[in-house]
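Everything on this sheet refers to the single structure shown next.
This one's a predicted model, so the numbers in the text were calculated from it and none came from an experiment.
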Amino acid sequence: MQERPNILFIMSDDHAYQAISAYDDKLIKTPNIDRLAKEGIQFTNASVTNSICAPSRAVILTGKHSHINGKIDNMIPFDTTQVTFPQLFQKAGYQTAMFGKLHFGNSPKGVDEFMILPGQGNYINPEFITENGDRITKQGYVTDIITDLTLDWLKNKRDPKKAFMMMYL
């Protein structure tokens with residue numbers, strides 16, 4: 001039986017391609033991201049289907065354009081009857097997790113563990129929503145906190161016997 005690959009999905013908000021040197025090294029050097037691109041998959045012929053953050057995430061999660069999945073702006077909650085790709089991975093036996101900004105107005109589907117920002121979130125001392133609906137405030141800068149949550153899950157919380165699909169947003 002072929003071993004299943006682990007999947008680490010990293011999505012940054014408002015990030016131009018020139019800010020990653022794997023795509024264009026004239027502006028900045030990003031050796032760690034470049035290594036991930038070299039060892040994994042690098043998209044070289046892709047474009048965003050919706051430039052607004054939450055609708056763009058909904059397109060990625062559902063594989064459907066905004067006018068079909070219903071998430072047309074940052075205000076309307078995501079239609080939770082839509083099937084998302086984390087649900088498909090979860091159904092296939094993957095352990096799933098998501099940390100960061102979703103901006104859906106409701107909780108993600110198909111994710112075993114998550115901590116997401118409510119709406120846009122605060123940059124300093126942000127509040128997070130957990131998979132059981134609790135709201136927890138974490139001290140510090142939001143990007144550092146999300147990174148620490150992701151690394152902690154990868155190092156200490158996931159089941160090493162199962163393949164994982166982690167979303168770092």
Side-chain angles (χ1 to χ4, degrees), residues 6-17 19-20 28 30 32-33 36 40 43 48-91 94-160 162-169:
N6 291 322
I7 297 166
L8 175 61
F9 182 95
I10 301 172
M11 181 177 183
S12 60
D13 202 29
D14 298 328
H15 198 138
Y17 79 92
I20 298 175
I28 191 169
T30 56
N32 292 322
I33 294 174
L36 288 172
F43 294 100
V48 66
T49 58
N50 193 316
S51 61
I52 304 171
C53 64
S56 184
R57 287 180 181 86
V59 169
I60 291 167
L61 286 169
T62 64
K64 301 175 185 175
H65 288 282
S66 300
H67 69 284
I68 296 171
N69 73 37
K71 184 68 176 156
I72 58 170
D73 62 26
N74 286 337
M75 306 308 284
I76 297 170
F78 177 69
D79 174 5
T80 58
T81 65
Q82 300 287 322
V83 175
T84 64
F85 83 82
Q87 288 176 282
L88 301 175
F89 277 95
Q90 191 179 53
K91 186 176 178 181
Y94 274 72
Q95 188 175 14
T96 58
M98 177 187 290
F99 299 101
K101 180 181 172 186
L102 187 61
H103 210 163
F104 270 16
N106 45 36
S107 296
K109 293 173 53 180
V111 182
D112 299 316
E113 184 174 341
F114 66 85
M115 289 187 79
I116 57 170
L117 298 163
Q120 180 69 31
N122 294 324
Y123 290 109
I124 305 296
N125 303 333
E127 180 181 62
F128 289 89
I129 302 169
T130 68
E131 67 275 355
N132 60 10
D134 291 341
R135 289 184 175 242
I136 299 168
T137 299
K138 296 274 191 181
Q139 300 298 307
Y141 181 65
V142 69
T143 303
D144 294 336
I145 294 167
I146 293 167
T147 300
D148 290 345
L149 290 168
T150 301
L151 292 173
D152 181 56
W153 187 87
L154 287 168
K155 291 176 183 176
N156 303 313
K157 295 184 178 178
R158 74 176 188 89
D159 180 351
K162 291 178 96 175
F164 69 82
M165 193 287 299
M166 154 65 74
M167 296 187 76
Y168 172 90
L169 309 170

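Minimum heavy-atom separation, Val142 to Asn122: CB-O, 3.6 Å. Taking all atoms of both residues into account, the shortest heavy-atom contact from Ala19 to Ile28 is O-CG2, 3.6 Å. Smallest separation of non-hydrogen atoms from Asn106 and Leu102: O-CD2, 4.3 Å. Here the shortest heavy-atom pairing between Val48 and Ser56 reads CG2-OG, 3.5 Å.
Among residues two or more places apart in sequence or in another chain, the side chain to side chain contact (heavy atoms under 4.5 Å, CB included) test is passed with Asn50 by Ile52, Pro55, Ser66. Scanning for salt bridge (charged side-chain N to carboxylate O under 4.0 Å, His left out) contacts around Glu131 gives an empty result, with sequence neighbours left out. Here Thr80 pairs with nothing under the side chain to side chain donor-acceptor pair (under 3.5 Å) rule; sequence neighbours left out. With sequence neighbours excluded, no residue forms a side chain to side chain contact (heavy atoms under 4.5 Å, CB included) with Asn32.
Between Met167 and Pro108, the closest side-chain pair of non-hydrogen atoms is not below 4.5 Å. Side chains of Leu149 and Lys138 form a contact here, defined as non-hydrogen atoms less than 4.5 Å apart. Taking 4.5 Å as the limit, every side-chain heavy atom of Phe104 sits out of range of all side-chain heavy atoms of Lys109. With a 4.5 Å cut-off on side-chain heavy atoms, Thr147 and Tyr168 count as touching. Counting only heavy atoms from C-beta outward, the side chains of Phe78 and Thr84 approach each other to under 4.5 Å.
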Problem set entry | CA sep, side-chain torsions, deciding dist, call: Phe128, Ile116, side chain to side chain contact (heavy atoms under 4.5 Å, CB included) | CA-CA 5 Å; Phe128 289 89; Ile116 57 170; 5.8 Å; no
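Looking at Thr96, its side chain does come within 3.5 Å of a backbone N or O of Gly110 through a donor-acceptor pair. Using a distance-only test at 3.5 Å, with no hydrogens or angles considered, no donor-acceptor pair links the side chain of Lys101 to the main chain of Gln120. The main-chain N or O of Asp159 is found under 3.5 Å from a side-chain atom of Gln95 such that the two form a donor-acceptor pair.
Aromatic ring orientation, Phe164 versus Trp153: perpendicular (interplanar angle above 60°, classes split at 30° and 60°).
The CE atom of Met98 sits 9.0 Å away from atom CZ of Phe9, with the distance rounded to the nearest 0.5 Å. Between the CE atom of Met165 and the CZ atom of Arg158 there is a distance of 13.5 Å, given to the nearest 0.5 Å. Rounding to the nearest 0.5 Å gives a distance of 10.5 Å between CG of Asp148 and OG1 of Thr143.
Applying the salt bridge (charged side-chain N to carboxylate O under 4.0 Å, His left out) test to pairs two or more places apart or on separate chains, those with a residue in residues 110-123 are Glu113-Lys157. Within the structure, salt bridge (charged side-chain N to carboxylate O under 4.0 Å, His left out) contacts touching residues 52-67 (residues at least two apart or in different chains) are Asp13-Arg57.
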